[in-house]
Amino acid sequence: MGGTIPLIRASALIPMLKWMSRRGRDTDAALAAVDLAWYPWTDPMVPIPLLNTVEFLRNLGRSEGPDIPFRVVGDTGLFDLAMLARVALGTRTPRSALDRIAAAMPYHCSHEVFRIVEDQGDCVISDAWPIRFDAEARHLIDQYLTAMLGVMFGLTRAGPAIRAKVSMVPHPQHGFRHLAPYEDRFVFRETAGPVEIRIALRDANAGFRAVARDRMRGIDVTNWAPLAGDGSLSHSVQVVLPGLLAHGAPGIDRIAGYAGMSRRSFQRRLVGEGARYSDLLDALRMEMLQRLSEEPDLSLGEISARLGYARQSTLSRAARRCIGQTPSEARLRSKPVSGPSAR
């Protein structure tokens, strides 16, 4: 995994959570089971740990059936199929939509490698991971991508006539038997490598029956900051921490688990980068303190809670230690100067 916390935008979870909610499933318990109960699932852009997200998908497959990605996607509007589907809206063909998705992928996920090539009259989409997922997880991840692309292909003028060839890892217990209802649109073949989806170039370039409003007009997705940042463990820790702080300061073992590391390996990796977890946590809190101090409607007690402190006095001691001033003093300094002296 390159020694970082693999991350993905929470938009990847939204279709599954909505599917569960519509059927009365306990989404809170499902999120808690994979240590994602802290995530406010109404915000699709929050970066969340990828390994926990994959575990959520695995649990859903075990409770609802191994074809759950196809059922979730089939019951979800295109606009709700994660950030990447929104990026694709407004394009005129699947080929142009795929190019946009490939360009936006580093912003969406830190470890997903999405590529499109042309080969012998086909458009070939591949999706690889520098992470060693087991066969069950790989099958569900690959199935999810296949189902989303199937929705996209179905929106073209060629529509249901498009039949894609899909090479993917079979489910370790069910093989491809559970995907029989979808064989009118897909030919499934076994591979041990990355998933590969082939459609004829003429189908990839077939126009969509209707073109949605282009939400990306004038925006160059290649300029978006990649979620992996500089590729360091320190960066990924700083990305995931803000979402957790409102629920209390997360312990080092918890954050190490998000990286798939033991506590010792996690600490050793940080030391190799010249960092310590406690220092990263303090620095982030003080940065957030300066920003939250500019919001006049927030009390110091509310600020303390947002920064994961159980008591306001603990925040005061930490602020004096880290930045040499109390939260009250930081708030006074953040207030704009007014009156004659400001001229």
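No hydrogens, no waters, no symmetry mates; every other heavy atom, side chains included, goes into these values. In this chain, residues are counted from 1 in sequence order.
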TODO: Report the residues that fulfil salt bridge (Lys or Arg N to Asp or Glu O under 4.0 Å) with Asp43, sequence neighbours left out, ordered by chain and then residue number.
DONE: none

Let me have the donor-acceptor pairs involving side chains of residues 244-253, under 3.5 Å, with sequence neighbours excluded, atom names and distances please.
residue, atom, partner, partner atom, Å
His247, NE2, Trp38, O, 3.2
Asp253, OD1, Arg263, NH1, 3.4
Asp253, OD2, Arg263, NH1, 3.2

Task: With Glu118 via salt bridge (Lys or Arg N to Asp or Glu O under 4.0 Å) - residues at least two apart - done: Arg95

TODO: For the pair Ser265 (side chain) and Ser262 (backbone), establish whether a donor and an acceptor sit closer than 3.5 Å, ignoring hydrogens and angles.
DONE: no

Taking only distance into account, with no hydrogens and no angle test, what donor-acceptor pairs under 3.5 Å do side-chain atoms of residues 172-184 form with protein atoms, sequence neighbours excluded?
residue, atom, partner, partner atom, Å
Arg177, NH2, Gln173, O, 3.3
His178, NE2, His139, NE2, 2.8
Tyr182, OH, Asp67, OD2, 3.1

Open item on the list: Once side chain to side chain donor-acceptor pair (under 3.5 Å) is applied, do any residues pair with Thr93, and if so which ones, sequence neighbours excluded?
Closed with: Ser96

Open item on the list: Could you work out, with side-chain contact (heavy atoms from CB on, under 4.5 Å) as the rule, every residue matching Ala102, not counting sequence neighbours?
Closed with: Phe114, Ile116

Open item on the list: Ala305: which residues meet the side-chain contact (heavy atoms from CB on, under 4.5 Å) condition with it, sequence neighbours left out?
Closed with: none

Task: Ring centers of Phe70, Phe186 separated by less than 6.0 Å - done: yes

- [ ] Applying side-chain contact (heavy atoms from CB on, under 4.5 Å), name anything that partners Thr191, two or more places apart in sequence or on another chain.
- [x] Ser167

Open item on the list: Under a 3.5 Å distance rule, please check whether Glu112 uses its side chain to pair with a backbone N or O of Trp129 as donor and acceptor.
Closed with: no

Task: Listed once per pair and sorted, the salt bridge (Lys or Arg N to Asp or Glu O under 4.0 Å) pairs that draw on residues 28-39, sequence neighbours left out - done: Asp35-Arg254

- [ ] Applying side-chain contact (heavy atoms from CB on, under 4.5 Å), name anything that partners Arg198, two or more places apart in sequence or on another chain.
- [x] Asp119, Asp122, Val124, Lys165, Glu196

Open item on the list: Using modelled atom types and a 3.5 Å cut-off, is there a donor and acceptor pairing between side-chain atoms of Arg22 and backbone atoms of Asp75?
Closed with: yes

Task: Any donor-acceptor pair under 3.5 Å from Arg9 side chain to His108 backbone - done: no

Open item on the list: Restricting to salt bridge (Lys or Arg N to Asp or Glu O under 4.0 Å), what partner residues turn up for Asp203, sequence neighbours left out?
Closed with: none

Open item on the list: The criterion is salt bridge (Lys or Arg N to Asp or Glu O under 4.0 Å); which residues satisfy it with Arg62, sequence neighbours excluded?
Closed with: Glu136

